[in-house]
Undergrad: 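Got a structure here, written out as structure tokens. Questions coming.
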Amino acid sequence: MSDNKDNQLYAMRHSLAHIMASAIQHLWPEVKLGVGPVVENGFYYDVDLGGEQLSADDFERIEAEMAKIIKAGEAFERFEMPVLEAVDWARKYKQPYKEELLNDLQRSGTTAAKDLDAAELGLAADGDSKVEQVSFYRNGDFTDLCRGPHVEATNKVGAFKLMRVAGAYWRGKEGNPQMQRVYGVAFATPKELRQYLDMLEEAKKRDHRKLGQELDLFVMSDLVGSGLPLFTPRGTVLREELERFSNELRKGYGFEKVSIPHITKKDLYEKSGHWAKFGDELFLVKSQETSDDFVMKPMNCPHHTQIYAARPRSYRDLPIRFIDTTMVYRDEKTGELGGLNRVRSITQDDSHAFIRPDQIEQQIDDVLACANQFYETVGMKLRVRLSYRDDSDAYLGSKDLWVSAQEQLKNAVIANKLDYFEQEGEAAFYGPKIDFMATDAIGREHQVATVQLDFVMPERFGLEYTADDGSAQRPVMIHCAIMGSTERFLAVYIEHTAGRFPVWNAPEQIRLISVNQEAETVAFVDKVLQEARDLGLRVRVDNSNESVGKKIRDAEVWKVPYTVVLGEKEIGGGELVPRIRKDLVVNESAKSYTIDEFLKTVAHEAKSRVSKTSL
RNA sequence: GCCGACAUAGCUCAGUGGCUAGAGCGGCUGUUUUGUAAACAGCGGGUCGUGGGUUCGAAUCCCUCUGUCGGCUCCA
């Protein structure tokens, strides 16, 4: 898409925000308006209707009113006025939120209003610390403080649809009054809108919470608590296959598995600095024997430093690399929990490398290679975000260290030819990160893996190694996770595959269906089952008293990769014709195999983690 | 944590002040012995999320708590 087209779409969406606000004002003349910016795929406007609450039931009326305004083809006219005059305007029309914005602008210029999208403010000029003139846009009877740009007239706004209404704090601050945010999506053409809505429809079908239920992967229990998923046998197979792959990749680069307890004295986190920063999100554990305060571990790095610190280390020993795929526990706010995306028991495929400064580049190369291979295998395209610090004081360690660390990360990313972008203010408090974003099968991007450079933790724990000149040196730590969190990755992966898992991680790889329930058939099916199990395959048998058609249907519903019907023909020595799940098929023509051939091929596919079948 | 919506059988959902709360699927039993997406019949199954209130009467109206969903805020 050209820049020009982007700008045009932006103007359409922004204009729709005004049209919606205008429509709402027609229907609720007392409305107090907040801000109404353009967001991904559309726009929103924050409104305050006093005591009244908007609901989705009101969308029809609002959309109808918007349609009238659009049909009228009102021109968007821009004009300016001095800030002081604008304050009077806001007062006159009883718009306290606009008044507050204008007051901030007038008092101290753009910086005081930095927390808002600049486009929302009626700034006549950018980057000017003194604001004297502000701009307005008017269409029909509606006037709004706004920098623009807009389309020429209300009938040039493309296709839109109001989607939802939700609470939002005024200016995003928890202490401020809560307004209602009305969201709409908008595109240049009805066709593009249709495509977007279809994508949402498809996303709904793939929702991991729905598939998790249908495919019996995980459950929640009120008695266990929210945000604490329980994994069924099928879900556990899936988790463990993914974790095993992540572990194997890293072991291939010299990482070694370690194991740690899930609780610790809180002293560990006082030393690491986590207590001060995240103390209120830790689960506390009380001992009945000692006076020590314990906590559930919310991360693993401090534990791992203690394995490193337990004996003297030589420069020859480095890198020392630990992997630990283990659960951590974070007392997330209840309102933030949802499905597997945000849970309170989080499995991390965590690793920590303790290295010499001269090993940074090699080490980053290794973990980037792991991540690349993992995401190539699961069929997701990667790009990375270099997450840097900003100028705030939320970060530990000297600024010089940060600058050099950030540079080294960038070099490694460039050397690995990764598609990247840079962003300030996204770093962890102890160091800069490389965050991996993976694109799923329906085009959505998710944050997954992460690689973090850390000069702070080794300092805090006084970690050392002896250099070739006998001096004590400080190692550098690299934190790295391939999936990040198993739970969150599962949410992404279930939706990416729509529950059609490849053979290597499918909870059930083969289903054997008996044609009838005669003793001879059942015995034959059992024999094939045993052969498959001996090859390490995950197989289920359906001997039930149902028609073959029904049993095939069941296997389809469970999205089993291979279904095999066994009866008289196969018992008599005939070759079997496997039914192959259609997304796995490369070659359309059905072929027959001996039982041995078939099972060995599937076992080989599972081992080599192929995404399509070779049958 | 905040704003809003929701919670009825294992699942998906009907039922919005008045007889013993229903359906489909799943489950169980029987008949059938089946060849690549649903055989037929019968039977079980619910303290209507929890606790309280209003009422002659509550799944239905009000409040509390728990949980779920959509957002906000946060995310080592």
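Just so it is clear: chains get the letters A, B, ... in the order the sequence lines come, proteins before strands, and each one is counted from 1. Please read these numbers as outputs of a predicted model, since none were measured by experiment. For the numbers below, each heavy atom of this structure counts, side chains included, while hydrogens, waters and symmetry mates do not.
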Undergrad: If a protein heavy atom is under 4.0 Å from the base, mark B; if only from the sugar-phosphate, S; if neither, -; do that for nucleotides 70-76 of chain B going 5' to 3'.
TA: BBBBBBB
Undergrad: From the options A:R488, A:R444, A:K205, A:R209, select the one residue that forms a salt bridge (charged side-chain N to carboxylate O under 4.0 Å, His left out) with A:E495.
TA: A:R444
Undergrad: Distance check, P atoms only: B:G49 and B:G15, in whole angstrom units.
TA: 15 Å
Undergrad: Go through the steps for A:L490 and A:F231 under the test side chain to side chain contact (heavy atoms under 4.5 Å, CB included), then give the verdict.
TA: CA-CA 11 Å; A:L490 274 175; A:F231 288 86; 3.6 Å; yes
Undergrad: For the residue pair A:F501 and A:Y493, does the interplanar ring angle fall in the parallel (under 30°), tilted (30 to 60°) or perpendicular (over 60°) class?
TA: parallel
Undergrad: With side chains defined as the heavy atoms from C-beta onward, is the minimum distance between A:L101 and A:V35 less than 4.5 Å?
TA: yes
Undergrad: What one-letter contact string describes nucleotides 35-42 of chain B from 5' to 3', where B marks a base within less than 4.0 Å of any protein heavy atom, S marks contact via sugar-phosphate atoms alone, and - marks no contact?
TA: BBBBS---
Undergrad: Which pairs pass side chain to side chain donor-acceptor pair (under 3.5 Å) with one or both residues in residues 564-577 of chain A, sequence neighbours excluded?
TA: A:E575-A:S592
Undergrad: Sticking with atom P, work out how far B:A23 lies from B:C43, rounded to a whole angstrom.
TA: 11 Å
Undergrad: Hey, what are the protein-to-nucleotides 8-12 of chain B N/O distances that come in under 3.5 Å?
TA:
{"residue": "B:C11", "atom": "O3'", "partner": "A:Q213", "partner atom": "NE2", "Å": "3.2"}

Undergrad: Establish, yes or no, whether a centroid distance under 6.0 Å links the rings of A:F278 and A:Y269.
TA: no
Undergrad: If we only count heavy atoms from C-beta on, is the A:L409 to A:Y388 side-chain gap below 4.5 Å?
TA: no
Undergrad: Between A:F354 and A:F322, does the ring centre distance come in under 6.0 Å?
TA: yes
Undergrad: Could you give the distance separating B:U8 and B:A76 at their C1' atoms, to the nearest angstrom?
TA: 42 Å
Undergrad: Report the residue (A:M179 or A:E518) whose heavy-atom-nearest nucleotide on RNA chain B is the more 5′ of the two.
TA: A:M179
Undergrad: Applying side-chain contact (heavy atoms from CB on, under 4.5 Å) between A:V564 and each of A:L576, A:V577, A:V528, report the one that passes.
TA: A:L576
Undergrad: Would you mind reading off the distance between A:K204 atom NZ and B:C69 atom P, rounded to a whole angstrom?
TA: 14 Å
Undergrad: So, applying side-chain hydrogen bond (donor to acceptor under 3.5 Å, both in side chains) with A:H479, which one of A:T450, A:N300, A:D454, A:D350 is it?
TA: A:D454
Undergrad: Below 4.5 Å, heavy atoms only, C-beta onward: do A:M457 and A:H274 meet side chain to side chain?
TA: yes
Undergrad: Taking only Watson-Crick and G-U wobble pairs with both distances under 3.5 Å, what dot-bracket line describes RNA chain B, where [ ] shows pairs that cross earlier ones and | shows pairs with another strand?
TA: (((((((..((((....[...)))).(((((.......))))).....(.(((..]....))).))))))))....
Undergrad: Could you measure between the two P atoms, the one in B:C65 and the one in B:G51, and give it in whole Å?
TA: 15 Å
Undergrad: Quick one: salt bridge (Lys or Arg N to Asp or Glu O under 4.0 Å) partners of A:R330, sequence neighbours excluded?
TA: none
Undergrad: Quick one: label A:G339 by what it contacts on the DNA or RNA (base, sugar-phosphate, nothing), any heavy atom closer than 4.0 Å.
TA: sugar-phosphate
Undergrad: Do A:I346 and A:E487 have side chains that get closer than 4.5 Å, going by heavy atoms?
TA: yes
